[in-house]
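Report on one structure; see the data block that follows.
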Amino acid sequence: MTVRVRFAPSPTGFLHIGGARTALYNYLFAKHTNGKFILRIEDTDELRSTDESVLAILYGIQWLGLGWDEGPTIDANGSIGTKGEFGPYFQMQRTKIYDEYVQKLLDEGKAYKCFCSTEELAAKREQAQKEHKAPKYDNKCRNLSTEQIKNFENQGIKPVIRFKNDGIGETIFKDIIKGEIRFDNSLLDDFVIVKSSGVPVYNFAVVIDDALMEISHVVRGDDHISNTPRQIMLYKAFGFKIPKFAHIPMILGSDGSRLSKRHGATSVLAYREMGFLPDALVNYLALLGWSTQDSQQIFSHEELVQKFDLYKCSSSAAIFDDKKLLWLNGEYIRAKSLDEFTEIAISWLEDAKLVSKNLTDVDKENLKKIIALEQEKVKYLTDIPGLFDFMLKDEIEYNSEDVEKVLIKNKEISNKILKEMLENIRNLEVFTAEKLEELFRSYAEKNSIKTGQIFHPVRVATSGRTKGPSLFHYLEVLGKEKVVKRLENTLKIYY
RNA sequence: GCCUCCAUAGACUAGUGGUUAGGUCACCGCCCUUUCACGGCGGCAGCGGGGGUUCGAAUCCCCCUGGAGGUACCA
């Protein structure tokens, strides 16, 4: 049996962390088994579905690098196409298909029209709650005569269509992750399968689509567990083959409640904005609910595909921990080759207007030397401008605290040292890290002072702060001219 | 209220009847070091509670507690 799985988001918002992980697990399971990963847009919520959401979701999955085999496609201009033979992959384009199947149920007496008003239903529900009873539809319209139906229709009342649930026995299924789950059918009512607008409801459309698209495994969030018995009833009513189910646990916020805006960013694309590498996010998400016995933490995309095992997923909800994500992000940044990282860094420097667009290869080679000094320090890509600006700007910004601590305190000493070092540097013919280090150390020895007493003031005088790359290396990259100028400037301003 | 799922350190997890309960992040300490990082070494910290079953339970069963999800003409 070839595996066919799908990710079926409803376009009522951006792609969030939970959805991303569901998509990822589907993707990994498909790739691992050499199966197909299908993307289907469940846009039957006429009120909340938007085109922007469709785009945001598509971009989000694309950014994560989860290519899908069938479903909507999107090109550089943002126009939407489609690929795969089982489409269309937008449910609202499939209404004719659903109509057919609804009619079948109606003809076979397995479904019926219900004319009860939402107000009436709401009132009954409230009443049931008051009496501590399960709010269940009372089957009022189950046995309407054709005359009664005609009567309602003549009044212009649009019915919903309900599935007739016999309420006998149990619905049992074996979930790949949760094990056996059973529901008492008598607790379920005659649920709505088509809204009065004529659009099918989620529980109906998924079943038709999953069956027609030959989905072999339904991998989705465990918030869908309670929908599953209804869906199984429909599979049975149509005589469709029932797919395997894998309900993956939810991702929770730091306080253990459902992940929401309260917990900060939940949108995948927001993580891009925050400076995360997609591979780091993917790696983190993979680990949130799945692990290998040897406790491996870092996986390449290929390794993930190779090692991911749907059957070894955790069955309990996991709290999203951005500390660990951040650690992984650092790991991925450090693992980049200098060339790769330079490309990434340049785009962030461009956005921050620290370098111009259309850099020449020579510019890039020079930048590479600068970037090499700080790559290991980057945790968020958004750190990049702040880490490099002192190397790139003509005018440095002085951090007042650092200036106070290193230059102003012991002013006479630092003044003398800076003046003398300025002279020494002016006289230095070969301006390399090695020569600079020699110079600094011999100066310290001659004057019998600690090396730190020179290093620190020079660092602040040439960079404006105490934190930064290895002193001699960045001085070399900066070049003699700039170093001299900065020292002169500092002496002018603070002494 | 009712239904369903879940329960190992602060977080993610390994573990399927006998382990000094293992790993990772975070945190703390030490080392490396001109700063910041990186890296290395070490440490703190856990089986929610109560009953069973068993010679023996983190592991199997029951109850409780706690958490999550559902209970829609939303998905």
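- At the heavy-atom level, Thr44(A) lies under 4.0 Å from the strands shown only through sugar-phosphate atoms.
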5' to 3', nucleotides 10-16 of chain B under a 4.0 Å protein heavy-atom cut-off (B base, S sugar-phosphate only, - none) gives -SBSSS-
Using the side-chain contact (heavy atoms from CB on, under 4.5 Å) rule, take Ile181(A) and Ile172(A) through it: C-alpha gap first, then chi angles, then the decisive distance, then the call.
CA-CA 6 Å; Ile181(A) 299 177; Ile172(A) 305 168; over 6 Å; no
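- Of the P atoms belonging to rC41(B) and rG23(B), the separation is 12 Å, rounded to the nearest Å.
- When Watson-Crick and G-U wobble pairs are counted only if both distances are under 3.5 Å, rG42(B) pairs with rC28(B).
- Here His224(A) lies in heavy-atom contact (under 4.0 Å) with a base.
- As judged by a 4.0 angstrom heavy-atom cut-off over every strand, Lys379(A) is placed among residues touching the sugar-phosphate backbone only.
- Note on Val192(A): only backbone sugar-phosphate atoms sit closer than 4.0 angstrom, heavy atoms only; bases stay farther off.
- If you take atom C1' in rG50(B) and the same atom in rG40(B), they sit 46 Å apart, rounded to whole Å.
- If you take NZ of Lys467(A) and P of rU34(B), they are 19 Å apart, rounded to a whole angstrom.
- The CG-C1' distance, from Asn283(A) to rC25(B), rounds to 13 Å in whole Å.
- One can place CZ of Arg125(A) at 15 Å from P of rG70(B), the figure rounded to the nearest angstrom.
- When heavy atoms are screened at a 4.0 angstrom cut-off, Glu119(A) is found touching no nucleic acid atom at all.
- When heavy atoms are screened at a 4.0 angstrom cut-off, Arg441(A) is found touching the sugar-phosphate backbone but no base atom.
- Relative to the ring axis of Tyr25(A), Arg21(A) places its NZ or CZ within 45° and under 6.0 Å from the centre.
- Distances shown here put a side-chain N or O of Arg334(A) below 4.0 Å from the OP1 or OP2 atom of rG39(B).
- Here rA75(B) presents its P atom at 12 Å from CD of Gln231(A), a figure rounded to the nearest Å.
- Nearest-nucleotide mapping onto RNA chain B: of Thr451(A) and Leu187(A), the residue sitting toward the 5' end is Leu187(A).
- Although no hydrogens or angles enter the test, the distance criterion places a donor-acceptor pair under 3.5 Å between the side chain of Thr22(A) and the main chain of Gly18(A).
- The ring of Phe276(A) has its center no closer than 6.0 angstrom to the ring center of Tyr332(A).
- Searching all strands for a Watson-Crick or G-U wobble partner of rG18(B) with both distances below 3.5 Å returns rC55(B).
- In this structure, His473(A) places its NE2 atom 15 Å from C1' of rA37(B), rounding to the nearest Å.
- A cation-pi arrangement, defined by a distance under 6.0 Å to the six-membered ring centre and an angle within 45 degrees of its axis, is present between Arg162(A) and Tyr137(A).
- Across rA37(B), rU4(B), rC74(B), the shortest atom-to-atom separation from the side chain of Glu376(A) is found for rA37(B).
- In terms of position along RNA chain B, the nucleotide closest to Leu325(A) lies nearer the 5' end than the nucleotide closest to the other residue of the pair Phe455(A) and Leu325(A).
- The side chain of Lys178(A) sits closest to rC6(B) out of rC73(B), rC6(B), rA37(B).
- Whole-Å rounding puts the Phe204(A) CZ to rC73(B) P distance at 16 Å.
- Taking 4.0 angstrom as the limit, Lys195(A) places a side-chain polar atom (N or O) nearer than this to OP1 or OP2 of rC74(B).
- Ser315(A) comes within contact range of the sugar-phosphate backbone alone, with a heavy-atom separation under 4.0 Å but no base atom that close.
- Looking at heavy-atom distances under 4.0 Å, Pro9(A) makes no contact with the nucleic acid at all.
- Using modelled atom types and a 3.5 Å distance limit, the side chains of Asp339(A) and Ser337(A) yield no donor-acceptor pair.
- Atom name P, nucleotides rC60(B) and rC3(B): the rounded distance is 24 Å, in whole Å.
- A distance of about 9 Å separates the C1' atoms of rA45(B) and rG10(B), rounded to the whole Å.
- Among the heavy atoms of the strands lying under 4.0 Å from Gly468(A) is at least one base atom, whether or not backbone atoms are also near.
- One atom, CZ of Arg6(A), and another, P of rA75(B), lie 14 Å apart when rounded to the nearest Å.
- Straight-line distance between the P atoms of rU35(B) and rG42(B): roughly 24 Å, to the nearest whole Å.
- Computed from coordinates, the Asp175(A) CG to rC6(B) P distance equals 9 Å when rounded to whole Å.
- For the residue pair Asp255(A) / His263(A), a side-chain donor-acceptor distance below 3.5 Å is found, with atom types taken as modelled.
- Closest to the side chain of Ile225(A), out of rC74(B), rC5(B), rU71(B), is rC5(B).
- Using modelled atom types, one side-chain atom of Asp138(A) and one backbone atom of Lys140(A) make a donor-acceptor pair closer than 3.5 Å.
- Aromatic ring pairs are classed by plane angle as parallel below 30°, tilted from 30° to 60° and perpendicular above 60°; the pair Trp290(A) and Phe308(A) is tilted.
- Here, rU16(B) and rC31(B) have their P atoms 40 Å apart, quoted to the whole Å.
- The same atom, C1', is picked in rG66(B) and in rA75(B); the two are 29 Å apart, to the nearest Å.
- Side-chain atoms of Asp45(A) come within 3.5 Å of backbone N or O of Arg48(A) as a donor-acceptor pair.
- Residue Phe191(A) is classed as having no contact, given no heavy-atom separation below 4.0 Å to the nucleic acid.
- Across all strands shown, Asn227(A) has heavy atoms under 4.0 Å from base atoms, whether or not it also approaches the sugar-phosphate.
- OP1 and OP2 of rU4(B) both lie 4.0 Å or more from every side-chain N or O belonging to Arg230(A).
- Taking only side-chain atoms of Leu121(A), from C-beta outward, the nucleotide of rC5(B), rA68(B), rC73(B) with the closest atom is rC73(B).
- For Ser226(A), counting side-chain heavy atoms from C-beta on, the closest listed nucleotide (rG70(B), rC74(B), rU34(B)) is rG70(B).
- Comparing rU20(B) with rC28(B), their C1' atoms sit 23 Å apart, to the nearest whole Å.
- Which of rU4(B), rC73(B), rU34(B) sits closest to the side chain of His456(A) comes down to rU34(B).
- Figure legend. rU4(B) is base-paired to rA68(B); pairs are counted as Watson-Crick or G-U wobble with both atom distances under 3.5 Å.
- Classified by interplanar angle (parallel below 30°, tilted 30° to 60°, perpendicular above 60°), the ring pair Phe173(A)/Phe183(A) is parallel.
- Contacts of Leu471(A) with the nucleic acid, taken as non-hydrogen atoms under 4.0 Å apart, include base atoms.
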